[in-house]
Each structure stands twice: as C-alpha cells, then as structure tokens.
Chemist: 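Please read through the structure below; I'll follow up with questions.
Residue numbers begin at 1 in each chain, while the letters A, B, ... track the order of the sequences.
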There are 2 protein chains.
Amino acid sequence: MPTKITDLKQDFTGGLSQISRFWGFPKGMGAIFAVLYLSPSPLSLDEIVEQTGLTKGAISTEVRTLARMGLVHRSSKLGDRKDYYEAETDFYTSIRSILKERQNSEFDRAVRSVAETLEKIESGSVSGDEAEIQFIHQRVQALQDFFNAIDSLAKAVIKLERLGIGNVKNILSILK
Amino acid sequence: MPTKITDLKQDFTGGLSQISRFWGFPKGMGAIFAVLYLSPSPLSLDEIVEQTGLTKGAISTEVRTLARMGLVHRSSKLGDRKDYYEAETDFYTSIRSILKERQNSEFDRAVRSVAETLEKIESGSVSGDEAEIQFIHQRVQALQDFFNAIDSLAKAVIKLERLGIGNVKNILSILK
DNA sequence: TACTACGTTTAGTAATTACTAAACATTCTA
DNA sequence: TAGAATGTTTAGTAATTACTAAACGTAGTA
C-alpha cells in the first residue's frame, strides 16, 4: 500500500524525537528540528505550532537552544515581523558549534573540578596516609589524561568538518 | 589549610556525579563509579552503600548498567559469597564496550527508522507531490549519510583504543 | 530444616524535567 | 494612542526519572 507523504513525515519526526531523547534532549526538540528539516522553506513559529502540536511557549524556548547549538537558524523577511526558522543542513557546521557551546557548559565546569582535585594533590596540601594519596594521585591523573585525549579528539572532529564528509573514512584507514 | 583526604574524595565524587548527569545518566551512577575508581581494592555492595549513601537496591541496578557499559567489573572471592566491584581503569576499553552496547540501543532503533523512511521513498511507494517527495528524499539521504559518517568515526575510535592514548594527537596532526 | 547473609525486584515517593495556558512585553499599523 | 500581531516569560501541571524501603529469592551454614 502506498504511504502518504504526511505519514512519512510523521514517522521521520518520531524517529528524530527518539534520537533527541536518547541524547538527553526533550523529544519536542527533535520534533521541531525534524519539521524544519523537512520543510523546503523557513517556517514561522505558528507554522511550527501547527505541525508539531506543541505550544508557542515551548517552541519559543526550545528553538532558542536549537539556535544556540547551531542546528537551526532564525531569520526574518522584510516587511514581515514574524521570525522564521530553518534547519542547518550541514551537520558538520552544527557539530562544530555544539562542541564549542560545550566549552561553557556544566560539563566543562565538572571537568575542571577534576583538574582542581589534581592540583590540590600536587601542591602537597592534602593530609592523610601517604600511600593512599599517591594511589589517588595516579588514578585522578589518568582520568585527567583521558579527558585531555577526548578534548583532542573533539578538536580533530572540528577540523574534520572543514575537510568534508568522506574523510572520516580516511581516518579509519590511517588507523588500521 | 590542608585538605583532608576524605574531602578530596568527596569533591571528586561530586565532579563525576555532575559529569554523569551531563551525559544523561543518574548522578548516583557517577558517584558509584567515582567511589570504585578511587578504591585500591574491589568493594562489596555494602561498602558502596556506606560510601555513597545510596541504598542497596539503587546500587544493585546501577552497578549492573555500569557493568554492561564495561565501566566496572564484578568479581567474587573464593569462600566469600559477596560480590565485589572494581572500576575499569582503561577508558579506551570502556569506550569500546559503550560503543558496542550502543548497537542494541534505542538510539540505533531510531537511526534504523530513518533508514526505513529512506527505503520507502526509494521504493517509490510514497504518494504525493513529486517535487516534495524529491526534496524530502534528498534531505533524508543527507541525514543518513551523516549517521553513517558518525558510525565510521565511532569505529575509528574503537581502533584508536588499540593504539594507546597518545595517538589522538596523531589524528590531529594528520588532519591539520 | 531453620537461620543468616547476601543480591534483586517491586511498589511507592521524591525530585526533576517537559510542557501548557495564560499573562506579559514589544513593535507595527491604523 | 488604541489595537493587533507577534515573541517571551511565568506559574502551574503532567510526565518522567531516580531513588528509597521493604518484601522477596537464593544459597550457604548450623
């Protein structure tokens, strides 16, 4: 039986909603992105309301975080005071801005707190059993090294974006 | 003023809890891992209870998902019917098993649903405006390509683990 | 067999998060 | 200036998730 195009869109939207949730974002966010991504032209807030069934309020805030992550762009038409939104279609561009965004996040604050733990130990200002301190020192150091490696990898991905999509394969072959 | 070793541990545990939450896991999971990671010897369930303040029930379930992700290992001592848990200290090993684990996850189910959308379009079984179908086809295809690229990257990281930590830097320089 | 020492499951609660509805603010138009 | 058309904020609700407390299952020990 033939699938109606509206059903197809709905399936797709459902899929992106799940993916969104998987990464810890609201499912509404995935739905909003999906609707924009499948639209050939930018959509106004009210059109998004119509197509997602969410309220203006929710969309207003979620579209803002999408914009902050570089996954959608806000624009406006001359002589029209509505805002229009469209999906970023170059995902590498998005990844880059997501990774940059991450710099200022809770995540990095936490990572930095590990670094501080390390500094405290190394400054010799920790009192307690010496062997235990040494043990902890070594473990925390290893974790710190790992974070640094991840950070380097993130930077590698950022560079990757400049080179285009096919080059992931190159990394693979370089590593084999 | 000198920092007591117990305070240091607590700070560290707090940091990992936040990181855990950031990635969408319960903060308790981060705490459990932290406690195990800073312990020179495997801990029993009750010892984890003691050090985290969580209940046996919570730890029982969370330690299981940690084990599934390869972040902790369960072991037992002869003539002792307690289970003991210790942290995996090679993070590359963990990453590898997390990425493998992901294969069976909700995430991949959702990704597969995108692939199915694509198949429906390509089989010509979608009815509706032809230009719109073409447009959607092209967009969904692009997303699919992106997912494939991510998948390749994941595989690259899996290989990386074999090569040791310093090699992330190599990728970076290869790409520059 | 009964008792003890554990780990697991379950049913309920607390905390968090996503979302709605409606008030509000702002800017354009008449 | 009043009114209309928008986007934003806010206060409350619904849904989800993390966690607790306690019942349960199981296996070892007396």
Side-chain angles (χ1 to χ4, degrees), chain A residues 13-14 16-36 42-69 72-86 105-107 110, chain B residues 13-14 16-36 42-69 72-86 105-107 110:
Chain A
T13 303
L16 286 206
S17 296
Q18 281 184 260
I19 291 173
S20 179
R21 284 210 15 200
F22 182 85
W23 291 111
F25 302 110
K27 70 169 194 282
M29 229 174 90
I32 292 169
F33 180 81
V35 161
L36 292 174
L43 298 179
S44 70
L45 228 170
D46 282 322
E47 288 168 319
I48 302 173
V49 167
E50 196 187 330
Q51 296 203 36
T52 58
L54 301 175
T55 58
K56 279 200 303 174
I59 294 170
S60 171
T61 58
E62 273 161 22
V63 106
R64 196 176 339 155
T65 79
L66 280 167
R68 215 174 47 224
M69 296 196 294
V72 312
H73 303 289
R74 185 191 301 238
S75 60
S76 33
K77 297 179 184 169
L78 267 117
D80 180 347
R81 90 196 141 67
K82 287 197 196 77
D83 287 350
Y84 287 88
Y85 301 92
E86 64 189 319
S105 72
E106 280 309 295
F107 178 71
Chain B
T13 302
L16 286 205
S17 297
Q18 282 184 259
I19 290 172
S20 179
R21 283 208 20 197
F22 181 86
W23 291 109
F25 302 109
K27 69 170 195 282
M29 229 175 89
I32 292 169
F33 180 82
V35 161
L36 292 174
L43 299 179
S44 69
L45 228 169
D46 282 323
E47 287 168 320
I48 302 174
V49 167
E50 196 187 331
Q51 295 202 36
T52 59
L54 300 175
T55 58
K56 277 200 304 173
I59 293 170
S60 171
T61 60
E62 273 160 20
V63 106
R64 195 175 341 153
T65 78
L66 280 167
R68 216 175 45 226
M69 296 196 294
V72 313
H73 303 288
R74 185 191 302 238
S75 59
S76 34
K77 296 178 185 170
L78 267 116
D80 180 346
R81 82 201 146 66
K82 288 198 197 77
D83 288 349
Y84 287 87
Y85 301 92
E86 64 188 319
S105 72
E106 279 309 294
F107 178 71

Chemist: Which whole-number value in Å describes the distance from E47(A) CD to dT6(D) P?
Modeler: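 So the CD-P distance, E47(A) to dT6(D), works out to 10 Å.
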Chemist: Mapping P26(B) and R81(B) onto DNA chain D by nearest heavy atom, which one lands closer to the 5' end?
Modeler: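 Closest to the 5' end, via its nearest nucleotide, is P26(B).
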Chemist: Please compare Y84(A) and K27(A) by the position of their nearest nucleotide in DNA chain D and report the one closer to 5'.
Modeler: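 The answer here is Y84(A).
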Chemist: Measure from CG on L54(A) to P on dA22(C) and round the result to the nearest Å.
Modeler: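 In whole Å, dA22(C) P and L54(A) CG are 17 Å from each other.
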Chemist: Nearest whole angstrom, please: distance from the P of dT29(D) to the NZ of K82(B).
Modeler: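 Interatomic distance, NZ of K82(B) to P of dT29(D): 13 Å.
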Chemist: Which of the following nucleotides, dT9(C), dC6(C), dG7(D), is nearest to the side chain of L45(A)?
Modeler: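 Looking only at heavy atoms from C-beta outward on L45(A), the closest nucleotide is dG7(D).
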Chemist: So what does G79(A) hit on the nucleic acid, given a heavy-atom distance under 4.0 Å: a base, only sugar-phosphate, or nothing?
Modeler: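 The answer is nothing, as G79(A) stays clear of every strand by at least 4.0 Å.
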Chemist: Which nucleotide wins on minimum distance to the side chain of T55(B), given the candidates dG7(C), dA21(D), dT9(D)?
Modeler: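 Between dG7(C), dA21(D), dT9(D), the one nearest the side chain of T55(B) would be dA21(D).
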Chemist: Within this structure, what is the CG-to-P distance between D80(A) and dA5(D), rounded to whole angstrom?
Modeler: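 Result: 13 Å.
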Chemist: May I have the distance from I59(A) (atom CD1) to dT6(D) (atom P), rounded to whole angstrom?
Modeler: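 Taking CD1 of I59(A) and P of dT6(D), I get 15 Å after rounding.
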Chemist: Nearest to the side chain of A58(A), which nucleotide is it out of dA4(D), dC6(C), dT20(C)?
Modeler: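 It is dT20(C).
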Chemist: Starting from C1' on dC19(C), measure out to CD1 on I48(A) and report it in whole angstrom.
Modeler: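 After rounding, the gap between these two atoms is 16 Å.
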Chemist: Under 4.0 Å between any heavy atoms, over every strand shown, what does G28(B) touch: base, sugar-phosphate, or nothing? Just pick one.
Modeler: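 Contact class for G28(B): sugar-phosphate only.
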Chemist: Quick check for you: to the nearest 0.5 Å, what is the distance between R64(A) atom CZ and R74(A) atom CZ?
Modeler: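 These two atoms lie 7.5 Å from each other.
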Chemist: What is the distance, to the nearest angstrom, from the CD atom on E62(A) to the P atom on dT9(D)?
Modeler: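 That distance rounds to 14 Å.
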Chemist: Would you mind telling me which of dT9(D), dA4(D), dT8(C) lies closest to the side-chain atoms of R64(A)?
Modeler: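 Looking only at side-chain atoms, R64(A) lies closest to dT9(D).
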Chemist: Find the distance between CH2 (W23(A)) and CD (Q18(A)) and round it off to the nearest 0.5 Å.
Modeler: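 Between W23(A) CH2 and Q18(A) CD, I get 14.5 Å after rounding to 0.5 Å.
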Chemist: Identify whether any heavy atom of K56(A) sits under 4.0 Å from a base atom; if not, whether one sits that close to sugar-phosphate; answer base, sugar-phosphate or nothing.
Modeler: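 Touches a base.
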Chemist: Below the 4.0 Å mark, does dA15(C) have OP1 or OP2 next to a side-chain nitrogen or oxygen of R21(B)?
Modeler: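 Indeed not, no polar side-chain atom of R21(B) lies that close.
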Chemist: What is the distance, rounded to the nearest whole Å, between atom CZ of F22(B) and atom P of dT17(C)?
Modeler: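 From F22(B) CZ to dT17(C) P: 13 Å.
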Chemist: Please figure out whether S60(B) or G53(A) has its closest DNA chain C nucleotide nearer the 5' end.
Modeler: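 On the 5' side of the pair lies S60(B).
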Chemist: How long is the span from the CG atom in L54(B) to the CG atom in L45(B), to the nearest 0.5 Å?
Modeler: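 Answer rounded to 0.5 Å: 10.5 Å.
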Chemist: Can you confirm whether the side chains of T65(A) and E62(A) place a donor and an acceptor under 3.5 Å from each other?
Modeler: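 No - no donor-acceptor pair under 3.5 Å links their side chains.
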Chemist: Can you see which heavy atom on F33(A) is nearest to which on L66(A), and at what distance?
Modeler: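 The pair with the smallest heavy-atom distance is N-CD1, 4.4 Å.
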Chemist: Counting only side-chain heavy atoms from C-beta out, which of dG7(D), dG7(C), dT20(D) sits nearest to R74(A)?
Modeler: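 Between dG7(D), dG7(C), dT20(D), the one nearest the side chain of R74(A) would be dG7(D).
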